[in-house]
Amino acid sequence: MILSFINQKGGVGKTTLAINAAAALAASGARVLLIDADEQKSASAWAAVRGDNPAPFQVVGMARDNMLQDAVRLAASFDHTVIDGPPRARAVARSVIIASDIVAIPIEPSGLSTWAADETVNQVREAQTIKPTLLCGFVVSRKIGKTVIGREIRDIAAESGLPIFKSEIMQRVPFAESLTLGQTIFEYAPDSPGAAEIKKLTQEIERMHGQDIQDSPAPVRSAKR
């Protein structure tokens with residue numbers, strides 16, 4: 001499975017989701033690759049902070065327009081590949097999307113992130129014309145509980161016609177603290193609500209990917225307008 005997290009708006013939690021989803025996938029013993037396709041190189045910086053403590057998955061930087069073939073070639077040597085996609089880099093984003101089996105678009109409780117996601121949604125739909133098996137859905141990220149916008153984010157996102165994963169990731173301090181220390185949420189706070197949320201999201205993604213392989217109806221597929 002090649003899974004990418006991408007949105008044209010920065011600051012929506014792509015790197016947090018990519019690193020921790022990779023860790024969740026690796027927890028079962030799977031060989032996992034994390035491709036850092038963001039020119040900001042946040043995932044690569046996180047790996048560097050670990051020093052002599054190797055990450056539970058391999059991290060490779062690949063933020064370039066023509067990354068498609070290299071990404072697919074590297075992914076063939078792993079059970080799962082997670083791509084931390086770039087904001088505001090259309091050519092790189094296109095390569096990331098086409099390389100993926102599943103595109104997860106993180107959106108925070110703000111109309112700004114859903115509006116910014118429109119370009120990514122359009123790119124996904126373009127990619128589906130040459131790769132009909134490509135799956136896509138929104139992931140509610142950095143949600144603040146008990147707020148009006150937090151409750152209404154699904155209605156806002158639904159206007160795009162794109163499905164939304166049931167699992168939601170709340171805005172939690174341990175996510176920021178763990179990344180700063182070069183750790184995953186499972187290393188820093190394994191019994192925390194944040195760890196449980198990441199695990200639940202990853203399991204939902206794995207189930208959807210498995211259903212698609214078996215030619216079953218996929219619960220998260222980009223809607224056609």
Side-chain angles (χ1 to χ4, degrees), residues 1-27 32-51 53-64 67 71 74-75 78 80-90 92-93 95-97 99-100 102-110 112-113 116-117 119-120 136-144 165 167-189 192 194-195 197-202 205:
M1 174 177 66
I2 301 180
L3 163 68
S4 63
F5 291 95
I6 190 167
N7 188 330
Q8 289 301 306
K9 182 180 182 300
V12 294
K14 296 189 308 297
T15 300
T16 297
L17 290 172
I19 288 173
N20 288 301
L25 290 168
V32 178
L33 170 67
L34 173 60
I35 295 178
D36 185 356
D38 189 343
E39 292 182 350
Q40 295 179 354
K41 301 180 180 180
S42 297
S44 298
W46 169 86
V49 171
R50 295 183 67 92
N53 179 27
F57 46 84
Q58 185 171 336
V59 181
V60 174
M62 201 181 296
R64 59 178 187 270
M67 62 164 287
L74 281 178
F78 293 83
H80 300 299
T81 295
V82 179
I83 305 178
D84 183 12
R88 301 177 298 277
R90 183 173 177 81
V92 180
S95 291
V96 169
I97 290 169
S100 303
I102 303 170
V103 175
I105 306 176
I107 50 171
E108 58 185 343
S110 163
L112 293 176
S113 71
E119 183 174 354
T120 303
C136 181
F138 285 120
V139 177
V140 177
S141 174
R142 302 185 63 184
K143 179 179 178 180
I144 301 176
F165 285 96
S167 307
E168 297 181 341
I169 308 299
M170 305 295 287
Q171 180 168 305
R172 301 186 185 278
V173 173
F175 282 128
E177 292 177 337
S178 61
L179 293 187
T180 301
L181 295 173
Q183 297 181 17
T184 69
I185 191 66
F186 302 102
E187 293 170 314
Y188 183 75
S192 67
E197 289 165 4
I198 292 292
K199 184 176 181 180
K200 182 178 179 182
L201 172 63
T202 306
I205 290 171

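Computed from a predicted model, the values in this text were never measured in an experiment.
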Non-hydrogen atoms of Ile2 and Ala75 that approach each other most closely: CD1-CB, 3.6 Å
Smallest separation among heavy atoms of Ile19 and Leu179, with atom names: CD1-CD2, 3.8 Å
Nearest-0.5 Å distance that lies between atom OG1 in Thr120 and atom CD1 in Ile97: 6.0 Å
CA sep, side-chain torsions, deciding dist, call: Asn7, Ile107, side chain to side chain contact (heavy atoms under 4.5 Å, CB included): CA-CA 8 Å; Asn7 188 330; Ile107 50 171; 3.9 Å; yes
Beyond-backbone contact of Gln58 with Leu74, side-chain heavy atoms, under 4.5 angstrom: no
Closest approach of Lys143 to Glu168 (non-hydrogen atoms, all atoms of both residues): NZ-OE1, 2.8 Å
Nearest heavy-atom neighbours spanning Ala195 and Phe186: O-CE2, 3.5 Å
Thr202 side, atom OG1; Leu17 side, atom CG - distance, nearest 0.5 Å: 8.5 Å
Minimum heavy-atom distance between Pro56 and Ala26, given as atom pair plus value: O-CB, 3.4 Å
Test side-chain hydrogen bond (donor to acceptor under 3.5 Å, both in side chains) applied to Glu177 - qualifying residues, sequence neighbours left out: Tyr188
Distance-only polar pair, side chains of Thr15 and Asp84, donor-acceptor under 3.5 Å: yes
Donor-acceptor contact below 3.5 Å, side chain Trp46 vs main chain Gln183: yes
Partner of Ser44 under side-chain contact (heavy atoms from CB on, under 4.5 Å), chosen from Asp36, Val60, Leu34: Asp36
Salt bridge (charged side-chain N to carboxylate O under 4.0 Å, His left out) partners of residues 53-64, not counting sequence neighbours, each pair once: Arg64-Asp70
CD1 on Ile83 to CG on Leu33, rounded to 0.5 Å: 8.5 Å
Any donor-acceptor N/O pair, Asn20 side chain to Ile198 backbone, under 3.5 Å: no
Spacing of Gln171 atom CD and Thr16 atom OG1 [to the nearest 0.5 Å]: 10.0 Å
Salt-bridge present (Arg50, Glu187; N to O < 4.0 Å): yes
Beyond-backbone contact of Glu197 with Ile185, side-chain heavy atoms, under 4.5 angstrom: no
Any donor-acceptor N/O pair, Arg142 side chain to Val12 backbone, under 3.5 Å: no
Residue pair Leu25 / Met1, side-chain heavy-atom distance below 4.5 Å: yes
Backbone of Pro86 reached by a side-chain donor or acceptor of Glu39 within 3.5 Å: no
Side chain to side chain contact (heavy atoms under 4.5 Å, CB included) between Phe175 and Ile169, intermediate numbers included: CA-CA 10 Å; Phe175 282 128; Ile169 308 299; 3.7 Å; yes
Check against side chain to side chain contact (heavy atoms under 4.5 Å, CB included), His80 and Leu3: CA-CA 8 Å; His80 300 299; Leu3 163 68; over 6 Å; no
Lys14 versus Pro106, closest heavy-atom pair with distance: CG-CG, 3.9 Å
Non-hydrogen side-chain atoms of Ser178 and Thr184 separated by less than 4.5 Å: no
For Phe5, ring pair (Phe, Tyr, Trp, His ring centres under 6.0 Å) partners two or more places apart: none
